[in-house]
Amino acid sequence: MSTRKVALVTGGSRGIGAAVADRFAREGWDLTISARGQEALDARAELLREHGGRVLSVAADSTDEGAVAALIARHVEEYGRTDALVVNAGMGLKGGFADFPARRFDRLYQVNVRAPFQLMQGLLPSLRTAVDVAGAAKIVAISSITGVYPEPEMAAYGATKAALISMCETFNLEESVNGVAATSIAPGYVDTDMSEWTKGEGAIPGDEMISADDVATVAFAVTQLSRWAVLPQAVLTRPGPNLHRA
Ligand SMILES: NC(=O)c1ccc[n+]([C@@H]2O[C@H](COP(=O)([O-])OP(=O)(O)OC[C@H]3O[C@@H](n4cnc5c(N)ncnc54)[C@H](OP(=O)(O)O)[C@@H]3O)[C@@H](O)[C@H]2O)c1
């Protein structure tokens, strides 16, 4: 079993996941990162290894139950413990309620809710192992402010993110007493590829959005809490009148 702390970060090849993985690596943790694209993952893993830890990069599409199961198995085989699971891989789709296609809703649900459920359930034994070794283990789920404060054209996306928050709450009711606790982080717009559509002229400049490093700071802080402190939910907003908006 790894003698260092270990985190698994989904969507770790870019954006928020890459910033989170970078923070853990700098703090001396071993890592597994996953996403769909193997090439981008391997390039990211190479950079992370410069901080001196072990980094496993495993391609897995969140819509593929078998691939997610293989990711879990490979991670557990490599490290034998999980001190932090960061369920971050997600997708966003925008569209009016009147004509949003149900099959798009299904895909959002698979990526943003079903895969996190599978990961939280599948990694629970190795999270419990980390509790035995280190006293506590944490799950950090990257939700969205639209899961807390609904916005027009975000019915499907917001519903998946609200489901993720709810899942973490129920997880805590059952598991936090044993030392594994979950925190959902619900950010407004974060400066990544995903928010590209809303940047630029007349919109929100990227440098006025929450940074991926801001989210990483909160995610890492959660892992510093003892088993006796549970932070169920953290909303991270932009300044000014945007307080309850993305
Ligand atoms: N950016 C925002 O404004 C914002 C705000 C609130 C919440 N969030 C949430 O934050 C999380 C990360 O978003 P981000 O902004 O960092 O997005 P991003 O820059 O687009 O990165 C998404 C990451 O997830 C991976 N990914 C995407 N679809 C996947 C799939 N089906 N299976 C496995 N991996 C997949 C991507 O790699 P591949 O493409 O190679 O798979 C990439 O590593 C998401 O859950 C998002 O909903 C974002």
Side-chain angles (χ1 to χ4, degrees), residues 8-23 31-45 47-48 57-72 85-94 104 106-116 118-119 140-151 154 156-165 167-168 184-199 203-216 218-219 233-238 242 244-246:
L8 185 153
V9 182
T10 66
S13 59
R14 57 192 157 86
I16 294 169
V20 170
D22 189 66
R23 184 62 56 96
L31 281 160
T32 296
I33 55 171
S34 78
R36 288 167 302 182
Q38 185 74 63
E39 212 172 303
L41 269 180
D42 290 344
R44 180 64 52 186
L47 292 173
L48 293 169
S57 56
V58 183
D61 188 330
S62 295
T63 64
D64 180 343
E65 185 176 344
V68 174
L71 163 65
I72 293 167
L85 163 63
V86 183
V87 281
N88 161 76
M91 66 182 289
L93 291 172
K94 193 171 183 267
R104 289 188 152 209
D106 291 343
R107 192 170 164 77
L108 275 172
Y109 199 86
Q110 270 191 315
V111 176
N112 294 353
V113 187
R114 195 182 191 282
Q118 191 186 348
L119 285 157
V140 178
I142 308 300
S143 175
S144 160
I145 203 163
T146 61
V148 183
Y149 306 109
E151 296 215 353
M154 294 287 189
Y157 178 72
T160 65
K161 292 302 190 178
L164 188 57
I165 293 169
M167 209 159 73
C168 289
S184 58
I185 301 178
Y189 285 124
V190 183
D191 184 13
T192 67
D193 293 350
M194 188 181 276
S195 57
E196 205 56 46
W197 61 274
T198 190
K199 294 173 190 167
I204 308 160
D207 60 5
E208 291 181 18
M209 290 182 180
I210 297 161
S211 72
D213 282 340
D214 287 327
V215 183
V218 179
Q233 208 190 114
V235 174
L236 201 56
T237 76
R238 295 185 296 118
N242 302 303
H244 293 169
R245 297 185 51 216

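Counting starts at 1 for both ligands and their atoms, following the listed order. Positions are given from 1 along the sequence.
- Across every non-hydrogen atom of R238 and E208, the tightest pair is CD-O, 3.8 Å.
- Considering backbone and side-chain N/O atoms, V111 never comes within less than 3.5 Å of an N/O atom of ligand 1.
- In terms of protein heavy atoms, atom 25 (C) of ligand 1 is closest to G11 CA, 3.7 Å.
- Side-chain contact check for Q118 versus E65: some heavy-atom pair is nearer than 4.5 Å.
- For atom 17 (O) of ligand 1, the closest heavy atom belonging to the protein is M194 CB, 3.6 Å.
- The shortest N or O to N or O distance between N88 and ligand 1 is below 3.5 Å.
- Counting heavy atoms closer than 4.0 Å to ligand 1, residue I142 contributes atoms from both its backbone and its side chain.
- For S195 (side chain) and V190 (main-chain N/O), a donor-acceptor pair under 3.5 Å exists by modelled atom type.
- Within the 3.5 Å criterion, the main-chain N or O of I210 finds no donor-acceptor partner in the side chain of D191.
- Not a single heavy atom of A40 sits under 4.0 Å from any atom of ligand 1.
- Less than 4.0 angstrom separates some heavy atom of G90 from each of these atoms of ligand 1: 27 (C), 44 (C), 45 (O).
- Looking at D61 and T63, their side chains do bring a donor and an acceptor atom within 3.5 Å of each other.
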Is there a side chain to side chain contact (heavy atoms under 4.5 Å, CB included) between V215 and N88? Walk through the geometry before answering.
CA-CA 11 Å; V215 183; N88 161 76; over 6 Å; no
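- Of the polar atoms of P187, none of the N or O atoms is found under 3.5 Å from an N or O of ligand 1, judged by distance alone.
- A heavy-atom separation below 4.0 Å is found between A60 and ligand 1.
- Looking at heavy atoms from C-beta onward, V87 lies out of side-chain contact with I142 at the 4.5 angstrom threshold.
- Polar contact check, I145 against ligand 1: no nitrogen or oxygen pair lies under 3.5 Å apart.
- For R114, the CZ atom counts as loosely surrounded, since its 6.0 Å shell holds 12 or fewer non-hydrogen atoms of other residues, nucleotides or ligands.
- The G37 neighbourhood of ligand 1 comprises atoms 40 (O), with distances under 4.0 Å to a heavy atom of that residue.
- Among the atoms of V190, some N or O lies under 3.5 angstrom from an N or O of ligand 1.
- For ligand 1 and Y157, the ligand atoms under 4.0 Å from any heavy atom of the residue are 7 (C), 8 (N), 9 (C), 46 (C), 47 (O).
- A donor-acceptor contact shorter than 3.5 Å links the side chain of D214 to the backbone of S211.
- Using a 4.0 Å cut-off to heavy atoms of S13, the atoms of ligand 1 that qualify are 37 (O), 42 (C), 43 (O).
- Ring-plane geometry between W197 and Y189 is classed as perpendicular, the angle between the planes exceeding 60 degrees on a 0 to 90 degree scale with a lower cut at 30.
- Ligand-side atoms of ligand 1 in range of D193: 19 (O), range being under 4.0 angstrom from any heavy atom.
- In this structure the side chain of S143 reaches within 4.5 angstrom of the side chain of L164, judged on heavy atoms.
- Across A219 and V20, no two heavy atoms sit closer than the pair CB-CG2, 4.2 Å.
- For ligand 1, the atoms closer than 4.0 angstrom to any heavy atom of S195 are 3 (O).
- Here S143 has backbone heavy atoms under 4.0 Å from ligand 1, and that is the only part of it that gets that close.
- Within the structure, ligand 1 has G188 among the residues with a heavy atom less than 4.0 angstrom away.
- One N or O on the side chain of T10 and one on the backbone of A89 form a donor-acceptor pair closer than 3.5 Å.
- Nearest to atom 16 (O) of ligand 1 among the protein's heavy atoms is I16 N, 2.8 Å.
- For the pair Y109 and T160, the minimum side-chain heavy-atom distance is below 4.5 Å.
- Shortest contact from atom 1 (N) of ligand 1 to any protein heavy atom: T192 OG1, 3.0 Å.
- Judged by the shortest distance from any of its heavy atoms, K161 lies inside the 4.0 Å radius around the atoms of ligand 1.
- Ranking the protein heavy atoms by distance from atom 31 (N) of ligand 1 puts D61 OD1, 3.1 Å first.
- With a 4.5 Å cut-off on side-chain heavy atoms, R245 and I145 do not count as touching.
- Given atom 32 (N) of ligand 1, the protein heavy atom at minimum distance is S62 N, 2.8 Å.
- Of the protein's non-hydrogen atoms, the one nearest atom 18 (P) of ligand 1 is R14 NH1, 3.4 Å.
- Of all the atoms in ligand 1, the ones that sit under 4.0 Å from a non-hydrogen atom of Y189 are 3 (O).
- For the residue pair T198 and A203, the shortest heavy atom distance occurs at O-CB, 2.8 Å.
- Taking only non-hydrogen atoms, the option from M91, R36, R44 nearest to atom 28 (N) of ligand 1 is R36.
- On a distance-only criterion, T63 and ligand 1 share no N/O pair closer than 3.5 Å.
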